[in-house]
Trainee: 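Structure in structure tokens, see below.
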Amino acid sequence: MTQPRQMDPGALLQVDDLSVRFRSDAGVVSALNGVSFAVRSGETVALVGESGSGKSVTSLAIMRLTPSPPGCQVGGHVWLRGTDGVPLDLLALPSEAMRKVRGDRIAMIFQEPMTSLNPVLTIGEQIAEAIAVHRGTARASAWDAAGDLLELVGIPEPRARLATYPHHLSGGMRQRVMIAIALSCDPALLIADEPTTALDVTVQAQILDLLRRLQKRTGMAVIFITHNLGVVAEIADRVMVMYAGRIVEQAAMRTLFQAPRMPYTVKLMHSVPRLQIGGERVVLEAIPGSVPDPTNLPPGCAFAPRCSHAAEGRCDAVSPALEEVGAGHFVRCVRWREIADGVGR
Amino acid sequence: MTRFLLRRLAQSLVLLWLVSVIGFAVLHLAPGGPLAEFTLIPGMTTAQLKLIAHQMGLDRPLPVQYWEWFRRMLAGNWGRSYRDSQPVLYVIAAHLWPTLELMVSSTVIAILLGTWVGVLGAIRRYSVFDYLATVGAMIALSIPTFWFGLVVIYIFSVKLAWLPAGNLYTIGNGSFLDYAVHLISPSIVLALVTIAIWSRYLRASMLEVVNQDYIRTARAKGVPEQTILFRHTIRNALLPMITIAGLQLPTLLSGALVTETVFTWPGMGRLFLDSIGYRDYPVVMGILMFSAVLVLLGNLAADLLYAAADPRIRLD
Amino acid sequence: MAVATETPPRVSPARRARSRALARFVRHRLALFGLGAIIVLVLLCAVGPYIWPYNDLRIDIRHRFAEPFMSAHILGADALGRDLFARLMIAGRVSLTVGFAAMAISTVIGTFVGTIAGYFGGAIGSMLMRFVDAVLCFPSIFLLLALAAFVQPNLFTITLVIAATAWMEVARVVEAQIRSLRERDFALAAKVLGASDAHIMFHELLPNAVAPIVVASTLNVARAILLEAYVSFLGYGIQPPTPSWGNMLNNAQEYLATAPWLALLPGLFIILAVTGFNFVGDGLRDALDPRLDIT
Ligand SMILES: Nc1ncnc2c1ncn2[C@@H]1O[C@H](COP(=O)(O)OP(=O)(O)O)[C@@H](O)[C@H]1O
Ligand code: SF4
Ligand SMILES: [Mg+2]
């Protein structure tokens, strides 16, 4: 089995040059174009970007839940440190071995709590199923464990809830159940794909709070996907900004908020709904233009058509490389230095 | 649940009433109307007929007549067969069992086979099997039941001599095996159309469920594919099939009539046909109404069953 | 390195897309096959009897039960020695005529009821549609036989009776279509401009419902041919000596052991015709109104 060129010793997950292409009626959709990043044990990494930038595809590719080829081609490597410390290339794993990774070493929660639970199975059955699949636990003890999990995720009267069906629960409660399922086998990594997007604001805050607490308690790493930078500030250690299937900026959370270098990140921050400023709701400005057509990406910087700093002949010539602009701070912009120096305006 | 139940009951009552109006209209369409049975008696004079008509209330306004007729129907007084003067409901009851037996066994066959075909067609979508199943279903829906019956008799009874060509049992042999053997051919014949319909709808239902978010959740949990198929996909895909099954009742009853004719099966369909032959209008009308009510109740039962099976409709 | 990932259903989207195109094509081919079958059958029944040397009514006792392909009676002969092929062609005229005519009548009734119900909605609409539901509670063969038993059976009455039991599907389809069209801009505009209800219904709305009506009507021909076969087989449809595909099977059962072709051949003609219309209807549905597709 191939070994990683180098897997950062502290890394739990390392994604190398991940690319995903869909073949559709409209043409080839380049959803991911060489995505590389690493996640260390116990850290929370936020993956942000507008809708359509490839966040969900990244998570599905890691889980190998993308459609099968040739409709969808996945390239690159996804290294996961096994329980024995040896890196596994998830994309090269036999499917049965990969199935055992899913829900056990890596768990996932989704954006749509209303439709993500099976309507004809009780909540208890759906949690216990995850435990039984990976632990082979007897029904009764899996059921007990499911009750404990519901208590852990803060569902009132957890044991009584086990026998109820998903439709009895609100969206927020269902998302808690999804979290309970995800946590059932003590995953080393949790991928949360916009877990709060479909929920209303107060519930969003509760779920975020819950995730933060659980993460502290279990020490799992979290990839937190969102299009909302406001949420990022509350939860992330590090942030990766994604645009048109590429990571365009990556930094520690504070660094990113204090000194964003990529014009896209800056725009994204201006579009954050800073909810309460002096009691007033701030109307956010949207980023002008729209994400590029993934079947026909512009040459050079994919953000160029929308970028107020775009320079003809430079930005649209070659695809900018990811440059280290500070400790652990990477940017994919040819003009970042000029812009930072105030020359770019 | 209670609200759903009440609404469905109310709807069914409206339908029942409309069904009775149609039945009444058909009865009055009959040559001679409700008097028909008397006009056939030799030596009836017009004056006598008039008297009878008066005594039966046929000279009263139609709404009044309808009301009387409807009241009697509700009270279970459906008239008497003039072949043997037995009460109509009694005659129907005597022929109901063989029909139900046939319908149940053919439905069991159809659901088993149709489920297999539908599930396989969905998980191997666009495979050779799927094509054959699709085209096969369309052809099956184009085959007249009686012709298929004749083909089955020709192959299995005339040529191979494996199965009896008809009747409920061999006279002088009352064994269970003998009954069962007689049931095979007609059940298969009656099942053909249901297999085709069931497999098509189930395939469509499967394809819808396969794309649901909760199937993705199951996969993300690491549930084995086999388990996803049986525990998650098929279970959900079968739910709407309960309603479909209810809607197939009229087709099934029609098919039963034809099948019973071909296999000389002494059921309700046979009785209906014989009664038409004898111009036994009370029985004809009775069976017509009875079958419509059966369909109505069947649909209601399917809805209630669906409500019981789908936790989203259940109300604690 | 390109990596295989797996996510059942085992067929991939690209193969699925390719297969979907293939499926379209196959169904297109089936529709063409159906159309071909219909044309051949219609031509055969219309022209064939003028060319074929045997008359469908000529009794020739010497050739009774002549087997197919063994003599000049190419498809054999019946118990009276009548040429089966000649009878099948004449029967086809009857069965196809009943099929088309019953379709036409049921389409008119169904379209009318559906349009009124869909346009006016409310109490009228729901009452009409409940009436449709109520008629559908009667198993069609039962209703058909009950009605047929009351009338003097001939081509005309049987056609009417079949139409009377086959218009409900059209009514449902049309009602749904008109109901959804009614709120559209052009209907409201016409109303504002003072157009009469009848004008809006039949000139503005109905033309937009043609596609589903065509599909339903095509499938209704298949249904009408089948219903004619059933009612004639059972003895209450087209009466001998006029042959129809259904009544030719009437006495076939007693000859099943000795002359099975008497049962098999008319059935094959029925299946060919009905399959033909079903294939065409399915293809039309694919082409005109993909929403109605259940496959
Ligand atoms: N199954 C699919 N087939 C074709 N294109 C897809 C598929 N899934 C995602 N895409 C495309 O990939 C791109 C990235 O999508 P996604 O990862 O869902 O974005 P988001 O960042 O909003 O989660 C989009 O352009 C989307 O249209
Ligand atoms: S590379 Fe050019 S277009 Fe792209 S973000 Fe930087 S300045 Fe803007
Ligand atoms: Mg997404």
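This is a predicted model, so every value here is computed, not measured. So that the names make sense, note that chain A is the first sequence line, chain B the second, and so on, each numbered from 1.
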Trainee: With a 4.5 Å cut-off on heavy-atom pairs, point out which of C:L264, C:L268, C:L249 contacts chain B the most.
Mentor: C:L264

Trainee: Is it the backbone or the side chain of C:F277 that comes under 4.5 Å from a heavy atom of chain B, or both, or neither?
Mentor: neither

Trainee: Check the pair B:F146 / C:L234 against side chain to side chain contact (heavy atoms under 4.5 Å, CB included), numbers first and verdict last.
Mentor: CA-CA 9 Å; B:F146 57 84; C:L234 295 171; over 6 Å; no

Trainee: Non-hydrogen atoms of chain C under 4.5 Å away: do they reach the side chain of B:V284, the backbone, both or neither?
Mentor: side chain

Trainee: Is a side-chain donor-acceptor pair under 3.5 Å present for C:Y230 with B:S254?
Mentor: no

Trainee: Looking at every non-hydrogen atom in both residues, tell me the closest pair between C:A134 and B:I22 and how far apart they are.
Mentor: CB-CD1, 3.8 Å

Trainee: Under 4.5 Å, counting heavy-atom pairs only, tell me which of B:V262, B:I287, B:T251 racks up the most with chain C.
Mentor: B:V262

Trainee: Can you tell which part of B:T233 gets under 4.5 Å to a heavy atom of chain C, answering side chain, backbone, both or neither?
Mentor: neither

Trainee: Sort C:A222 into side chain, backbone, both or neither according to what part of it lies under 4.5 angstrom from a heavy atom of chain B.
Mentor: neither

Trainee: What verdict does the side chain to side chain contact (heavy atoms under 4.5 Å, CB included) test give for B:L141 and C:V274, after you've listed the backbone C-alpha separation in whole Å, the side-chain angles of each residue and the deciding distance to 0.1 Å?
Mentor: CA-CA 9 Å; B:L141 292 174; C:V274 176; over 6 Å; no

Trainee: Atom CD1 in C:I271, atom CD1 in B:I143: separation rounded to 0.5 Å?
Mentor: 4.5 Å

Trainee: Considering all heavy atoms of both residues, which atom of B:I276 and which atom of C:A146 are nearest to each other, and what is their separation?
Mentor: CD1-N, 4.1 Å

Trainee: Between C:V135 and B:L18, is any pair of side-chain heavy atoms under 4.5 Å apart?
Mentor: no

Trainee: Which residue out of C:P260, C:A263, C:A148 racks up the most heavy-atom pairs below 4.5 Å with chain B?
Mentor: C:P260

Trainee: If I take atom CE from residue B:M289 and atom CZ from residue C:F142, how far apart are they, to the nearest 0.5 angstrom?
Mentor: 14.0 Å

Trainee: By a 4.5 Å heavy-atom criterion (distance strictly below it), what part of C:L144 contacts chain B: side chain, backbone, both, or neither?
Mentor: neither

Trainee: If you count every heavy atom of other residues, nucleotides or ligands that lies below 6.0 Å from C:E254 atom CD, does the total exceed 12?
Mentor: yes

Trainee: For B:F129, does the CZ atom have more than 12 heavy-atom neighbours from other residues, nucleotides or ligands under 6.0 Å away?
Mentor: yes

Trainee: Looking at every heavy atom in both B:I139 and C:T275, which two are closest together, and how far apart are they?
Mentor: CG1-CG2, 3.9 Å

Trainee: Hey, what do you get for CG (B:L150) to OH (C:Y255), rounding to the nearest 0.5 Å?
Mentor: 14.0 Å

Trainee: Mind checking the CH2-CD1 spacing from B:W147 to C:I270? Nearest 0.5 Å is all I need.
Mentor: 9.5 Å

Trainee: Could you state the interatomic distance from OH (B:Y154) to CH2 (C:W261), rounded to the nearest 0.5 Å?
Mentor: 9.0 Å

Trainee: Considering only heavy atoms, which portion of B:V293 lies under 4.5 Å from any heavy atom of chain C: side chain, backbone, both, or neither?
Mentor: neither

Trainee: Examine whether an atom of B:F272 lies under 4.5 Å from a heavy atom of chain C, and if so say whether it belongs to the side chain, the backbone or both; otherwise answer neither.
Mentor: side chain

Trainee: Any idea which heavy atoms bring C:L226 and B:S142 closest together, and the distance?
Mentor: CD2-O, 4.0 Å

Trainee: Would you mind telling me which of B:V258, B:L16, B:L296, B:V14 has the largest number of heavy-atom pairs within less than 4.5 Å of chain C?
Mentor: B:V258

Trainee: For chain C, which of B:V158, B:L253, B:V19 has the most heavy-atom pairs under 4.5 Å?
Mentor: B:V19

Trainee: Look up atom SG in C:C137 and atom CG in B:L288, then write down how far apart they are to the nearest 0.5 Å.
Mentor: 11.0 Å

Trainee: For the residue pair B:V135 and C:F279, what are the closest heavy atoms and their distance?
Mentor: CG1-CZ, 4.1 Å

Trainee: What heavy-atom pair brings C:L30 and B:M138 nearest, and what distance separates the two atoms?
Mentor: CD1-CE, 4.0 Å

